[in-house]
Amino acid sequence: MKRALLLGMLLVVTGGCATAKSDRTVCPEHRDLRCATALECSMDHARGCRVCQCSPATGVNGQLPSGVPPDQRR
């Protein structure tokens, strides 16, 4: 847990964040989104642009830092 937290802080401090600032296919309100994890985007066909969110940070065995396994529904 401490290692993941330190790594996350290091990524933020060193600018290792995923962003969509220069990607014009991303909806304007999502371009300033900064993620320490991977940036996940999907196409919103009604609006004609992609909406994005930060992927969840997972720890050992794919569990979230809280120890709760991620939801497996799709």
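Once rounded to the nearest 0.5 Å, the distance linking SG of Cys49 with NE2 of His30 reads 7.5 Å. Between the OG1 atom in Thr37 and the CD atom in Gln53 there is a gap of 9.5 Å [rounded to 0.5 Å].
Residue pairs satisfying the side chain to side chain donor-acceptor pair (under 3.5 Å) criterion with at least one member in residues 38-48, sequence neighbours excluded, are listed as follows: Glu29-Arg47.
Counting heavy atoms from C-beta outward, Arg24 and Arg31 have side chains that approach closer than 4.5 Å.
Legend: residues meeting side chain to side chain contact (heavy atoms under 4.5 Å, CB included) with Cys41, ordered by chain and number and at least two apart, are Leu39, Arg50, Cys52.
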